[in-house]
Structures are given as C-alpha cells and as structure tokens.
Amino acid sequence: MPRPPYELIHSKRDGAALAPADIAALVDGFTRGEIPEYQMSAFCMAVFFRGMDVVETRALTEAMLRSGDVLDLSDIPGAKIDKHSTGGVGDKVSLALAPLAAACGVKVPMISGRGLGHTGGTLDKLESIPGFRVDLPIDRFRALVREVGACLIGQTARLAPADRKLYALRDVTATVESIPLISASIMSKKLAEGIDGLVLDVKVGAGAFMKTLPDARALAASLAGIGRAMGKRVTALLTAMDQPLGCAVGNALEVVETVELLRGGGPADLRAVTVELTAEMLLLAGVAADLPAARAAVEGAIRDGRGLDKLAEIVRAQGGDPEAVRDPGRLPRAPRRYEVPAPAAGFVAAVDGEAVGLAAMALGAGRARVEDRVDPAVGLEVLKKVGDPVERGEPLCRVHEGARSEPRPAVTARIHRAWRIAGSAPAAAALVLERMA
Ligand code: URA
C-alpha cells in the first residue's frame, strides 16, 4: 500500500529518505491528476530544502521517465548520442554540433526545448529558419535520425508528461533550483529519447543556473550518475557562462553566427566549446579513438564544409528553406538597428550574461511566459567581449530592434548595467573548466 501524499510531504519536510515505491506512486498519482497541485507544490518545496539522496533521485527520474513513452531506436545502426546544455545566453552550440556530429558518423536524436526567461531555446532558433518544423511525428523523427543522421524536434505530449506538469508547477512555486529536481527533470526527458550516450554541458557562472563550480560539479555528478545507473555512456563538461557565448543573442542572429562557424569563422569561444562538445560525442559513439582524433575530425568537417552541408540537409528534411543557411539574407531581419556606445574608456571586465539575456527578451527575442510569442529577427550582437579594450563612445553592442521592442533608452540602460568597464584587462579565464568522464 503506498503511503498517502500527506505522509510523504511530512517525512520529506523532516528530512527522511523516501522509498522508491512511494516516490513512484506520488509521481503516478500527480500525473493522473489524482494528487492535487497544492500537495505536489509542498512536496517540491520540501525537496528543495531537504534534498534527495542518490536512490531517491533515481527513483524520481525513473518514475517521470515511465510516465510516458520511451523511444526504442535500437533498430537504427550506429551509436545514438545527444548533448544537453543546462542553458546559457547566446548558447547556439546545438545548431552546429548536431550537423557536425552527424557528418562525422554519430546518430543524433535531439529533443530540445524553447527559451524561457533569460536563456534562449534551440527550437526558437531553428524556427527562425523559414518553414522549419520542430513538431514532427515520432515516426518521421526516427526516419530522419536513420537517413539524415540528426533530427531536432520539441518535446511531445507523450514524452515524460510528468516532467511537463511538474516543471510548470516548479516554475511558479520557486522550486526550480534544486539539484535532485533539475536532475530528474532533465534526465527523464533525455532517457526517453532512446539514446546510448549523452554529453552534458553544465554551465557555470553569472549567466547560468549554477553560479559556482561546486554547485555545477554536484549537478553534473547527479546527472551523470543517473545516466550511468540506467546503462548510458555519459561525459560532462563544466563550461564557463560568465558572458554570452559567441556574439549573437537572438534567434535568427544566432543562426547566422552558426553558419559563420560552419564556414570556418565565427567567435573563438563559440567555436572552442562547440568543437569540444562535439568531439566528446564522437568519443562516446566510438567513431574516434581519442579526444585529439575526435577534435581533428570535427575541425575537418568544418574545414571541408560537410558540417554546413549537413545543416542544409537537416533544414530541408524538416521542411525549412535550405538556401537560408547559405544566404542569411533569407532569414528574418529586424527593421531597425542601432549601436550602444561605451560610457567610458578602459577594458571590458565583465558582461553580465543574465542581463544581456533579459535585454534580448525585452527586445522580443524571448518569452516571460510559455505562451508568449518570440520575434525571430530581434536581438543583439556583442561587439566588445570580456578583455577587449574600448574607447569612450565606441559601440559595445548592436541592437536589432523590432515592433515590440522596449524603447531605446530602457534598452541602453540595460546594456550599460550589463557591461562593466575597468582600468585594466582581467586575467584570461578558461572556457572548459572541468571534464567528468
Ligand atoms: N531544464 C530542465 O529541463 N529542467 C529543469 O528542471 C531545469 C532545466
């Protein structure tokens, strides 16, 4: 007989560990609508303060995973590997990584999310490509992973429905930032994809969920532990998110920057993180013998254009205009642009990623609520990154303004608050902080 929700909330509130069968019954009852939101909210808050041990976290993940369909891709030849990022500003890595990994022989079944709050989402970026569809049926998803090598879609109603319901509740009850709840949420969705392995990009810093290295380490260990306990190969990289990754922040602008990367250009930090994460996928898939060989293979796919060709193939297969990745003029373009000048001379000491993400949101690039619509064309280009020298009046960033954008003085004030200018350059910081394999 499962214990009633009141008893489970009471036990967790007092710091006890719960039995896996009780956790499974709680998730099951909540998903079926038998346990009310007020009890599940209280439960989440108890977990937020008391935490969960490894056994409880795995039980929660499994219960959420089993709340819906679990894909079986075992009939598709080759290793199926995905990447998950805990989210950052300007993080368009998936857009280049999926085609690069596929071009190197990895199968990439990628189920992505939309942007919420200050961080962007892969689905919104892809949808800025005219015609691109992220709502393909699972049979088509399966066929494209097999034939094209990669497919990027959104979460379906039948995939981890418990997470969908629980995440909405956590979002409005201030219970998102809990390592066991985040771990179960992320891993239930990823494990439902039918993957053999997963590369985790756990972001650390001012623009990330995890602000400190010890917190990021704990989240990475929790995520990887769940994956390995379920028989998956998992590697985690802890990467810096102290400033936006690359320069473009905003949906179509980020597609343009991805194309630049796949043509061999683009910002150095974006390229380094993309190559490193894609190389880890090749290694997990067993298509490269070691990391140096994997990096060389990824660099090769950029150099000879196979990554860009694969992106065009993915776009065509998913209903989008493949010419848009060759000619960015075909992507949505904001009607107006303006530059925000530096208020003082010196060196850029910090660019607050969260503040830049919120500025992009105020321009219309993101959403405050799930039902909000994004403007694909708006956003901003970072012109001065951390360490760059700057003269007074030189532009810090270029703003792409649309019909729904916040007025210029308010956006300018946001930019001035986000950039910190100092008398000397800060010490260069590492991008990949740690590797947990
Ligand atoms: N991303 C998720 O999918 N779930 C969380 O809880 C946090 C980030």
Side-chain angles (χ1 to χ4, degrees), residues 23 27 30-31 37 40-41 43-49 51-52 56-65 67-68 82-89 91 93-94 109-125 134 152-193 195 198-205 207-211 215-216 218-227 230 234 236-239 241 353-354 357 366-370:
I23 294 172
V27 170
F30 174 64
T31 311
E37 291 192 337
M40 207 59 187
S41 304
F43 177 77
C44 288
M45 193 56 89
V47 172
F48 181 92
F49 282 113
M52 276 183 154
E56 292 175 288
T57 309
R58 284 182 196 161
L60 181 64
T61 310
E62 254 187 272
M64 286 165 58
L65 169 67
S67 70
D82 191 9
K83 185 261 327 178
H84 178 80
S85 158
T86 57
V89 176
D91 182 359
V93 167
S94 293
M110 191 175 266
I111 297 184
S112 301
R114 296 198 176 275
L116 190 62
H118 74 280
T119 61
T122 299
L123 300 181
D124 298 321
K125 297 171 201 192
V134 299
L152 300 95
I153 60 168
Q155 195 181 350
T156 69
R158 294 168 57 152
L159 210 101
D163 173 62
R164 184 184 290 255
K165 216 173 155 189
L166 196 60
Y167 193 88
L169 195 64
R170 288 167 56 213
D171 200 28
V172 293
T173 55
T175 51
V176 168
E177 300 92 339
S178 147
I179 286 179
L181 296 179
I182 294 175
S183 303
S185 168
I186 291 174
M187 293 307 286
S188 62
K189 284 176 291 207
K190 289 288 139 186
L191 294 169
E193 289 176 348
I195 47 172
L198 180 65
V199 174
L200 292 163
D201 178 13
V202 178
K203 302 285 187 197
V204 192
F209 261 134
M210 297 293 135
K211 310 285 181 207
D215 282 349
L219 177 59
S222 171
L223 293 164
I226 295 168
M230 306 279 283
V234 185
L237 297 187
L238 308 190
T239 70
M241 185 36 75
E354 187 166 346
R367 54 172 74 73
R369 287 173 310 177
V370 184

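Each residue takes its place number in the sequence, starting with 1. Just follow the structure's listing: the first ligand is 1, and inside any ligand the first atom is 1.
At least one heavy atom of Ile186 sits under 4.0 Å from some atom of ligand 1.
Using modelled atom types, one finds no donor on one side chain facing an acceptor on the other under 3.5 Å when comparing Lys165 with Thr31. Checked by atom type, the side-chain pair Ser188/Asp163 shows no donor-acceptor distance below 3.5 Å.
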- Step-by-step side chain to side chain contact (heavy atoms under 4.5 Å, CB included) determination, Val172 to Glu37: CA-CA 11 Å; Val172 293; Glu37 291 192 337; over 6 Å; no

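Looking at atom 8 (C) of ligand 1, its nearest protein heavy atom turns out to be Phe209 CE1, 3.4 Å. Of the protein's non-hydrogen atoms, the one nearest atom 3 (O) of ligand 1 is Lys189 NZ, 2.5 Å.
Residues Leu181 and Cys44 form a side-chain contact, since some pair of their non-hydrogen atoms from C-beta on lies under 4.5 Å apart.
Checking only distances, His84 never comes within under 3.5 Å of ligand 1, N or O to N or O. When only interatomic distances are considered, the shortest N/O to N/O separation between Tyr167 and ligand 1 does not fall below 3.5 Å.
Within ligand 1, counting atoms from 1 as listed, the ones closer than 4.0 Å to a heavy atom of Ser185 are 2 (C), 3 (O), 4 (N), 5 (C), 6 (O).
The residues Asp82 and Lys190 are annotated as salt-bridged, a charged nitrogen and a carboxylate oxygen being separated by less than 4.0 angstrom.
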